[in-house]
Structures are given as structure tokens and as C-alpha cells.
Amino acid sequence: MTEVATSDQLLVVIDPLARHTDSESVRIAKDVLSAGAASTKVCLPQGPEEFARALERRGSRRPVVVGDDRALLRAVSLLHRQRELAACALSLVPVGGAGVLARSLGVPTGTVAAARAALDGAERWLDLLVDDSDGVVLGAVGIPSIPPIPVALTVTEGEGSASPGDSAASGGFAGSGGSADTGAHSSWLRTCQSFVRTLATRPPRLASPAAPEPSRLRVEVDGVTLVDLDRPVEAVSVAPNGGGATVEVRPVPAGAEAEPLRAVGHRVTVSGPTFRYRADSVVTGPVRTRTWTVREGAWGLTLPG
């Protein structure tokens, strides 16, 4: 569903993290929004409570969030809990983070382009995943919650290096054998010190990342079991897509590589031993069961027309 945004009165809510990480981009966003709107009210909340109050008191103004993916998620979650998601469309000017979610939703990554989209764009009504604890998901759910991170193996500068005192002591001990021994020892010591300095300046080596442990989970889509506890899985993903939820399960290969299992439905339940999951940029858990339900066209986002 697409509608042309009509209100030119804006409530610009600037996330504290954005102000601290990139004040110049915040200034540019404020300038562009203030110049293009008939009326602009700027709020500078210091924490989650003030952020929530600003949205509650927006009146007829269109909210524009200046911040990262988490700031957008916070705004949608607040409006969902207030049961006011259908009352207005949000706009986002990404500042202060990687903006992976924002890019996936179609929000421009540039400050000026995003601010202009907030002024002149169109409202797109998007699907939402709502879980059984009243949490919301804008992008996707992933299990396991965190991908494996390579571990850096570093060599510190002090490892194996000789201190001046050690050098003097070694020299005195070697010198007892004569000047030829002293010269040979000095040459050997210089070689060792050069080798240690070479190690110290090398970039960190990355260890091979450990593969995540397989999980034993039951995944049900609209009451139909897609995979059960007797078949370990490597990963599960759930994402809203065109009025339904797209579910993909990657079983652990047994011999030949296993093909992913896919299904589309409106209600997805994952259960089993305790597990953690990543919903957008937030990790939740451990939990034993979680159900997500698709709300079609539940929230609005202003995007380039």
C-alpha cells in the first residue's frame, strides 16, 4: 500500500547516540528538514523515557527519527505498544550506525537523501512480525543469534625480547670466554631482537572461526511441522514477505549436502531446548519457545517515491 505523505508538520526526534557519534550529520539533517517543512519541532531526548514521551506527545506531526537501526526499532516498538502504529508513518534519517536494516527497507543511506525522502517521499505500509511477548521484528529473525567471529591471534611486542639489563647480563657471561665470543653473541642478539620486532609489527592473525553448534529445534509453520527435534539444524531464518512469513531451515547435512527447507505462512513457532535468536539487531534469550505472527501492512515508513 502506498500513499503520498500529506502532513508537512514534523516532529524530529534525534537519538542520543546519533548526537554523540556524528553531530555534523545530525546538523545537516536538521537543516534540510527545517528548510523543507512548514513547521518543525526538534526533540533531543536524553534516554528511552524521554524518547517515548516525545512520540506520545507528537500530536498531528509526522515523526522523523534521526538515528540508527535501533532507534527505528525503538520507535516502532513504542508505537506498537501504544497501539498507534496505524496512526502515522515513520521516517528515518540514518545516523550513527551501520544501517543494515535501514538499507534493507529501502531508506537512503546518505543524510541529505534520507532527509529529502522524509519530506517528499511516499508512505509504504510494510509487514511486521509480532512475537508472543509483544516484541516486533521489522527485518528478520535468525537462529543462531550471533554468527561466528574470528579470533585474533596477536604477538605482543614484549614477547621474547631481551631487556637492556638482560643483554648486559648475557654479554658479561659470554665475555668471560673472550672478545670473539662477545662479538658472536652480540651478532646473535641483534638477530633475535630484529626477529622479535618483525613479529611485533605483523598484523594479527585470524584463527579459523568455530562453526556454530547444531541445534535441535521444532519449527512449525501454520501448525505444520517443517522440521522436528530428531533432525539437527544449522540455522533458521524468518522474515516478513508479501503478507506472509518466509521461513528457511538449514538442516545439518547427513552425507550429501542437505537442501534448505522452505515454507511460507502467517504463524511460525520455534521450540526445543533453550535457544537464543537475533531479531533485527537485538539478541533475545534463552527461551524454550517463541511464536511470530505476521501483521500485514502494520506499519508505515516514508521512502523515496
Side-chain angles (χ1 to χ4, degrees), residues 1-19 22 25-97 99 101-128 130 136-139 240 280 295-305:
M1 177 180 177
T2 301
E3 294 180 2
V4 176
T6 55
S7 175
D8 55 359
Q9 295 184 329
L10 303 181
L11 172 70
V12 180
V13 184
I14 302 176
D15 187 69
L17 182 62
R19 300 200 302 270
D22 193 348
S25 292
V26 168
R27 183 192 64 78
I28 293 171
K30 287 167 54 180
D31 289 348
V32 174
L33 294 169
S34 298
S39 173
T40 303
K41 179 180 180 180
V42 177
C43 293
L44 305 174
Q46 297 300 319
E49 295 81 8
E50 293 184 14
F51 192 99
R53 282 198 297 270
L55 285 178
E56 289 173 1
R57 300 172 182 175
R58 68 187 183 280
S60 60
R61 294 178 180 272
R62 285 198 295 120
V64 180
V65 177
V66 179
D68 60 7
D69 291 344
R70 286 177 178 260
L72 174 64
L73 183 60
R74 187 181 308 120
V76 174
S77 298
L78 287 167
L79 292 173
H80 168 72
R81 288 198 295 269
Q82 297 164 9
R83 300 301 183 254
E84 294 186 1
L85 264 181
C88 65
L90 287 163
S91 299
L92 175 69
V93 180
V95 175
L101 175 61
R103 283 197 301 272
S104 71
L105 294 171
V107 178
T109 56
T111 302
V112 174
R116 287 177 177 165
L119 293 169
D120 306 321
E123 295 177 357
R124 309 284 177 84
W125 291 87
L126 308 174
D127 297 345
L128 188 71
V130 179
V136 300
V137 182
L138 311 184
D280 297 325
R295 303 280 179 86
E296 187 173 356
W299 72 290
L301 183 65
T302 306
L303 298 172

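Throughout, numbering of the chain's residues begins at 1 and tracks the sequence.
Under the 4.5 Å side-chain criterion, counting only non-hydrogen atoms from C-beta, V12 is not in contact with S34. L105 has its side chain out of reach of L92: every pair of non-hydrogen atoms, C-beta onward, lies at least 4.5 Å apart. With contacts defined as side-chain heavy-atom distances shorter than 4.5 Å, the pair L78/F51 qualifies. Counting heavy atoms from C-beta on, the side chains of D280 and L72 never come closer than 4.5 Å. Between D15 and R74 the shortest side-chain heavy-atom distance falls below 4.5 Å. Side-chain atoms of L33 and V42, non-hydrogen and from C-beta on, never get closer than 4.5 Å to each other. At least one side-chain heavy atom of L128 sits less than 4.5 Å from a side-chain heavy atom of L138.
Between the side chain of R19 and the main chain of I14, a donor-acceptor pair closer than 3.5 Å is present. Remark: side-chain polar atoms of D69 are paired, donor with acceptor, to backbone N or O of L101 under 3.5 angstrom.
Ion pairing between R58 and E84 holds under the 4.0 Å rule for side-chain N and carboxylate O.
Residue-environment remark: CZ (R53) exceeds the threshold of 12 foreign heavy atoms within 6.0 Å.
Summarising the geometry of V13 relative to P45, their closest heavy-atom pair is CG1-CG, 3.9 Å, with the distance given to 0.1 Å. The nearest pair of heavy atoms linking S77 to V136 is OG-CG2, 3.3 Å. Shown here for T302 and A117, the closest heavy-atom pair between the two residues is CG2-O, 3.3 Å. When all heavy atoms of G47 and P16 are compared, the pair lying nearest together is N-CG, 4.3 Å. Between R61 and K41, the shortest heavy-atom distance links the atoms NH1-N, 3.6 Å. In plain terms, the two heavy atoms of V64 and V93 that are nearest each other are CG1-CG2, 4.1 Å.
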Determine, stepwise, if the pair L10 / L119 fulfils side-chain contact (heavy atoms from CB on, under 4.5 Å). CA-CA 9 Å; L10 303 181; L119 293 169; 3.7 Å; yes
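With sequence neighbours excluded, the residues satisfying side chain to side chain donor-acceptor pair (under 3.5 Å) with S25 are D22.
We find the CD-CG distance between E50 and L55 to be 12.5 Å, quoted to the nearest 0.5 Å. Rounding to the nearest 0.5 Å gives a distance of 6.5 Å between CG of L126 and CG of L303.
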